[in-house]
Structure formats: C-alpha cells, structure tokens
Protein chains: 2
Amino acid sequence: MDERKDKYAALKLENQLCFPLYACSKEIIRRYRPYLDELDLTYTQYIAMMVFWEEKQCSVKALGKKLFLDSGTLTPVLKSLEQKGYVKRQRSAADERLLIVAITEKGENLKERAIAVPQKIAGCIQLEPQESVALYQLLHKVLGNMEE
Amino acid sequence: MDERKDKYAALKLENQLCFPLYACSKEIIRRYRPYLDELDLTYTQYIAMMVFWEEKQCSVKALGKKLFLDSGTLTPVLKSLEQKGYVKRQRSAADERLLIVAITEKGENLKERAIAVPQKIAGCIQLEPQESVALYQLLHKVLGNMEE
DNA sequence: TATAAATAAATTGTATGCAATTTAATTTTG
DNA sequence: CAAAATTAAATTGCATACAATTTATTTATA
C-alpha cells in the first residue's frame with residue numbers, strides 16, 4: 001500500500017494527533033481514580049483543589065481560565081467541593097457578580113494526603129525525565145498556539 | 001522560592017503532565033466542533049466513523065478496544081450514527097452476543113466530505129513536522145506503557 | 001450434558017463538558 | 001444620570017465517560 005496514493009490517509013485513526021491525546025488523557029485520568037477515591041475527589045475536583053492549594057482563593061471566572069473550564073462545568077464541581085467541606089463559596093463584596101471560592105482548613109489538610117498522588121501517576125506514565133520534559137513542552141506549545 | 005525546598009511542588013498545576021494533556025485534548029476537540037457540525041457529527045461519532053471508513057464493519061467490543069471506550073459510551077453513539085443512517089447495527093449470526101456495526105453507503109459518502117477536516121485541525125495545532133512526530137511518538141509510548 | 005464460568009451489550013447512576021440562555025450586577029455611553 | 005452594553009454565574013439541554021449491574025449467549029467443565 002503506497003501511502004502517497006492514499007488520499008484518505010489523513011483520515012486514518014493511526015495518523016491522528018488529537019486521538020492519542022484524547023485517549024492518553026482519559027487513560028491517565030482513569031489511573032488517577034483509585035488514588036483520588038481515597039481522597040473522595042474526582043479528577044476535576046482534584047485539579048480545582050490544586051489551584052486552591054496554591055492560591056487560597058479564586059473567582060469562578062479565574063479558576064475557569066486556569067482549568068480551561070466554564071461555569072457550566074465548575075458550578076456543580078464547586079458546590080460538591082463545598083459540600084465536602086473543602087472550600088467556601090461566597091460573593092465578592094466589591095463586585096457581587098464574582099463568586100469567590102476559598103479553601104477551608106479541611107481543604108488545606110487534604111493537601112498532606114494528596115502529596116503521594118503525583119508519584120504514583122508518574123509511575124504509570126513511565127517516561128524518562130527528558131521525555132517528560134519534551135512532552136510537557138510540546139503540549140504547552142500547542143496550548144499556546146491555540147490561544148491566539 | 002527554592003523549589004528544592006517546596007515539598008508540594010509536585011502538586012502544582014504547572015508541574016503536571018496529565019493536566020496539559022487533558023486541556024490540550026479538550027481544546028483541540030473544541031476546535032473540531034465547527035467542522036464536525038457541518039457533517040452532523042460529534043467528535044466521538046467522528047472517531048467511530050474513522051474506524052468504519054477503514055474497516056467497513058466491526059463489533060462493539062473491537063471498536064471499544066480501538067477507541068478506548070466501553071459499551072456504556074458506545075451504545076448511544078452507535079444508535080445515534082444508525083439514526084443518521086451512517087451505520088447499520090445487527091447481531092452476528094455466528095455469535096449472537098456480538099453486535100456487528102457496518103458502514104452504509106451514506107456513511108461511505110460522508111468520507112468525501114470529512115477529508116477536509118484533518119488539514120483544518122493541523123492548522124490550529126501549528127506544530128512543525130518533526131514536533132508532530134515527536135508528540136505522536138511520546139503519546140503512543142505512554143499509551144503503550146499503560147497497557148502493561 | 002447439565003451447570004458453572006466467561007463473554008458481549010445494554011442499562012443504570014453519577015459526574016463531567018460545553019453551547020446557549022437566563023439572571024443579576026457593573027460599566028459604558030449618549 | 002438613565003439606557004445600553006458588558007460581565008460573571010447559574011441554569012438548561014445534550015452528549016459523552018465510566019463503574020457497576022443486568023441480560024443474553026457461548027464456552028468450559030464436573
């Protein structure tokens with residue numbers, strides 16, 4: 001089979017870039033599940049907590065920008081995190097349109113237990129350090145290219 | 001801030017590999033939408049059609065293996081594709097447990113219109129050829145590592 | 001060969017994702 | 001300053017994802 005003559009080559013699953021991205025992302029997130037179950041967090045809740053572990057508080061808008069998610073996704077996620085007691089949600093006094101989400105003491109404490117997760121995931125991705133760096137840079141380059 | 005002394009560095013969003021994978025995947029799929037809308041396909045329906053454009057027919061099980069999806073996801077996707085007239089679904093005569101999904105004439109015809117999509121997506125990913133190859137290989141390496 | 005084990009889809013239940021719309025608050029403008 | 005435009009969340013509707021269970025069929029085995 002001469003690929004130069006296959007006008008449909010670009011439509012083959014094996015020639016896609018997005019598909020392995022999509023598959024890889026889903027498969028890794030599936031690997032997170034047993035570890036996140038122990039923390040009573042979903043992956044989406046986990047990446048939201050990562051922001052709060054770094055920043056203490058954040059508006060829904062700002063969180064959405066960091067996580068590439070909109071309020072349609074975040075509102076139920078943040079309500080769930082509030083229910084678990086990891087964050088508080090309250091409107092900004094300065095601008096009532098903004099909902100400020102702030103981490104609680106219980107949310108801070110969770111960080112200690114979450115600290116073991118990244119190691120375990122790295123163990124299942126199994127890339128050499130320089131490969132991880134290369135992948136990281138390529139992904140951020142694509143994200144940057146799409147921002148334009 | 002000396003990173004060597006930050007025991008929480010691994011929990012920072014900027015130090016994750018899975019997160020940019022997840023974000024990249026979602027953002028690219030979002031870029032597919034306007035092009036796939038013209039074909040009346042979602043991304044999941046599109047990657048399923050890619051398999052049928054190559055293979056003519058396939059069981060749900062085999063399709064799930066290729067796409068990293070289970071019957072819980074595929075059943076409604078395939079019913080939807082059948083409704084649009086792009087595939088037929090029928091039980092295998094040899095093994096009634098198997099549902100064989102086969103592409104229709106209308107599904108085959110769709111391929112001609114889909115042929116323009118990959119180019120348009122490549123345009124928004126904007127990687128140099130050697131970067132695309134590197135990303136492709138790293139993603140497949142990770143997928144391979146996780147199969148074990 | 002009758003029964004147990006295994007297999008394939010479908011179903012059920014929960015949690016995203018995201019476009020589009022709605023609601024409330026703030027900013028811009030005529 | 002009042003009306004229009006903008007902005008931020010929430011809501012709505014639809015389509016995934018996936019674990020767990022159920023149902024139907026086939027294979028393995030006592």
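Here is how names work: the chains are called A, B, and so on, in the same order as the sequence lines, proteins then strands, and each is numbered from 1.
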Any sub-3.5 Å donor-acceptor pair from [X]'s side-chain atoms to [Y]'s backbone N or O?
X	Y	result
A:Asn15	A:Ala9	yes
A:Lys84	A:Asp40	yes
A:Trp53	A:Leu110	no
A:Tyr86	A:Leu78	no
A:Glu82	A:Lys79	no

Whole Å only: how far is the [atom1] atom of [X] from the [atom2] atom of [N]?
X	N	atom1	atom2	result
A:Asp40	C:dT14	CG	C1'	13 Å
A:Gln45	C:dG17	CD	C1'	14 Å
A:Leu41	C:dT14	CG	C1'	16 Å
A:Leu69	C:dA15	CG	P	16 Å
A:Leu36	C:dT16	CG	C1'	14 Å
A:Phe68	C:dC18	CZ	P	11 Å
B:Ile29	C:dA19	CD1	C1'	16 Å
B:Leu98	C:dA9	CG	C1'	10 Å

Nearest to the side chain of [X] - [options]?
X	options	answer
B:Arg30	C:dA19, C:dT16, C:dG17	C:dA19
A:Thr44	C:dG17, C:dT26, C:dA9	C:dG17
B:Arg97	C:dA9, C:dA8, C:dG17	C:dA8

Please verify the inter-ring angle class for A:Tyr43 with B:Tyr22; under 30° counts as parallel, over 60° as perpendicular, anything in between as tilted.
perpendicular
Reading DNA chain D in the 5' to 3' direction, which nucleotide is the first one with an atom under 4.0 Å from a heavy atom of chain B, and which is the last?
D:dA15 to D:dT26
Assert: residue with more 5' nearest nucleotide on DNA chain C, out of B:Ser71 and A:Ser71, is B:Ser71
Could you walk me through whether A:Glu54 and A:Lys111 pass the salt bridge (Lys or Arg N to Asp or Glu O under 4.0 Å) test, one step at a time?
CA-CA 10 Å; A:Glu54 276 193 74; A:Lys111 190 176 185 179; over 6 Å; no
Salt-bridge contact B:Glu108-B:Lys56 (side-chain N to carboxylate O under 4.0 Å):
yes
Give a yes or no on whether a salt bridge exists between B:Lys66 and B:Glu55, defined as a side-chain N under 4.0 angstrom from a carboxylate O.
yes
Both B:Asp70 and A:Leu99 contact DNA chain D. Which one's nearest nucleotide lies toward the 5' end?
A:Leu99
Is any side-chain nitrogen or oxygen of A:Thr42 closer than 4.0 Å to OP1 or OP2 of C:dT14?
no
C:dG17 phosphate, OP1 or OP2: any side-chain N/O from B:Lys26 under 4.0 angstrom?
no
Residue-level proximity of residues 72-92 of chain A to DNA chain D when a heavy atom falls under 4.0 Å
A:Gly72, A:Thr75, A:Lys79, A:Arg89, A:Arg91
Can you tell me if CD on A:Glu147 sees more than 12 non-hydrogen neighbours from other groups inside 6.0 Å?
no
